[in-house]
There are 2 protein chains.
Amino acid sequence: MFKILVVEDDRDLNRTVCTYLNKNGFEAVGCLSANEAYDTMYGDLFDLIISDIMMPGIDGFAFAETVRSLDQEIPILFMTAKDDFASKQRGYRLGIDDYLVKPVELEELLLKIGALLRRARINSAKQITVGHFSMNADERTAVLNGEEIPLTVREFNLLYKLLSYPKKTFTRSALMEEFWDVDSNSGLRTVDVYMRKLREKLQDCEDFEIVTVHGLGYKAVLK
Amino acid sequence: MFKILVVEDDRDLNRTVCTYLNKNGFEAVGCLSANEAYDTMYGDLFDLIISDIMMPGIDGFAFAETVRSLDQEIPILFMTAKDDFASKQRGYRLGIDDYLVKPVELEELLLKIGALLRRARINSAKQITVGHFSMNADERTAVLNGEEIPLTVREFNLLYKLLSYPKKTFTRSALMEEFWDVDSNSGLRTVDVYMRKLREKLQDCEDFEIVTVHGLGYKAVLK
DNA sequence: TCCAGGAGTTCACAGAAAATTTACAAATAG
DNA sequence: CTATTTGTAAATTTTCTGTGAACTCCTGGA
């Protein structure tokens, strides 16, 4: 489920957009100001940001600039009444991804969100299939040669991540950061132990393997 | 220099767009039909595609679908007179990235191109290719003539650095500073040993070589 | 509440891989 | 020709990984 942050000081519009997005399979959170958005983002990770420009306090430009400086990747979409070229140019220069002029057609907003999420390469696939092996993120199941392989939560997360980006090398610390609590000071050996468990459970899999990248970490390689 | 393919059957508009893009730092190539575009793409690599929808012969939808099936990454931008929601939806479903309704403001087109190229570049694998040799920083792999060459972390880092700035000479101390711990008191011979190892592993490479700059250091030189 | 069992983590150490040093030969500049 | 720099193989040291086992933590059921 993708999380979308909606920053818009007009309460009605904010609610309208959020409701519409929620009805269409997203998890939308509304904020009425940039400051509120900062707080919200602090406690939660979002996949996309929709922001107004003209808002009391910090405006959309400053907000986008700050967000971009912290995160190069997250798609930012301006939704504003300002239809002048200078504003558009300023927005795009700050690194926004799209610019919608109010009144916004919600259906079109949905299309643009879809395109941006796809382009941002956020993994939307709930199902990963590699030869005779497949994983389903909703059901949290892994099936090899028609037989289900029981995986614990951590095992599932790790394998799912590796297979989402086959060939890409992940460092231990990157994996730890993603799947372990920040303050959990688990030793770096922990990841190794999980890789070992996965390899053991996947020893009959002939479609891919978990490869050690000496000095760095691990990657999944399709055979 | 980014290459942009413009597929538009209206000769005047095609020329206008291409000329404008060329004036603004791009290398634009115009095609009057999808078939012509296929031929053009066959012989050249493009960074972005701008396409009309209504064209004689193969239309923009079919064209986009074919392109997407061959290349998941290249940004595709529709530039069309069709302003109905169904067409937009169909386009986005095929995997296009943006949809501009004619008449198109060229300045705005430029902004959108910039945003799409930036986004595509963020996601593009950090890859270096020199003739029949290539390195991929995400995968940490080096491939020569279709065969993977195993490189250790240090070897990879050094070679990647040299090839990132071909012809530029790197002193031993500069390389040491970048890839070794500050407090690592490795002898100066160390770099030499790595260069030798790289040369050995790359002895079949006919596209570049590691050259000693006597009294200074090393550099990669394309043949 | 206590217990059982699974999940998660830590640890130690052998074996593997990589990094570094060393010593000397070869090449180069002046 | 000499002083300096570089190439190279081999020896040595360091670091990293695989692995089994022990330990801790959590959760659900009796």
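Not measured: the values here are computed from a predicted model. Letters go in sequence order (proteins before strands), and every chain restarts at 1.
Residues from residues 200-209 of chain A that place a heavy atom under 4.0 Å from any atom of DNA chain C: there are none.
Of the side-chain N and O atoms in B/T190, none sit less than 4.0 angstrom from OP1 or OP2 of C/dA19. Residue A/T152 places no side-chain N or O under 4.0 Å from the OP1 or OP2 atom of C/dG6. Residue A/W180 places no side-chain N or O under 4.0 Å from the OP1 or OP2 atom of C/dG8.
A straight line from CE of B/M176 to P of C/dA19 spans 13 Å, rounded to a whole angstrom. Following rounding to the nearest Å, A/L151 (CG) and C/dG6 (C1') show an atom-to-atom distance of 14 Å. C/dA18 atom P lies 13 Å from atom CZ of B/R140, rounded to whole Å. One can place CG of A/L198 at 12 Å from P of D/dG18, the figure rounded to the nearest angstrom. B/K197 has its NZ atom 14 Å from the C1' atom of D/dG7, to the nearest Å. In this structure, A/L175 places its CG atom 15 Å from C1' of D/dT17, rounding to the nearest Å. Rounded to an integer number of Å, the gap from B/D181 CG to C/dA19 P is 12 Å. Across the protein-nucleic acid pair, B/R196 atom CZ and C/dT22 atom C1' stand 15 Å apart, rounded to whole Å.
Heavy-atom contacts from other residues, nucleotides or ligands closer than 6.0 Å to CD of A/E73 number more than 12. For B/Q127, the CD atom sits in a packed shell: over 12 heavy atoms of surrounding residues, nucleotides or ligands are nearer than 6.0 Å. Surrounding CZ of B/F85 are more than 12 heavy atoms belonging to other residues, nucleotides or ligands, all under 6.0 Å away. Heavy-atom neighbours of A/R199 CZ from other residues, nucleotides or ligands within 6.0 Å: above the threshold of 12.
The closest side-chain donor-acceptor pair between B/K112 and A/Y92 falls under 3.5 angstrom. Remark: the B/T66 side chain and the B/Y38 side chain contain an N/O donor-acceptor pair separated by less than 3.5 Å. For the residue pair B/Y194 and B/T152, no side-chain donor N or O sits within less than 3.5 Å of a side-chain acceptor on the partner.
In the set C/dT20, C/dT10, C/dG8, the nucleotide with an atom closest to the side chain of A/R154 is C/dG8.
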> Taking protein heavy atoms under 4.0 Å as touching, what does nucleotides 1-6 of chain D look like 5' to 3' if B marks base contact, S marks sugar-phosphate-only contact and - marks none?
Replying inline: ----SB

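In this structure, A/E108 pairs ionically with B/K88, as a charged nitrogen and a carboxylate oxygen lie closer than 4.0 Å.
Of all heavy-atom pairs spanning A/F26 and A/N22, the tightest one is O-OD1, 3.0 Å.
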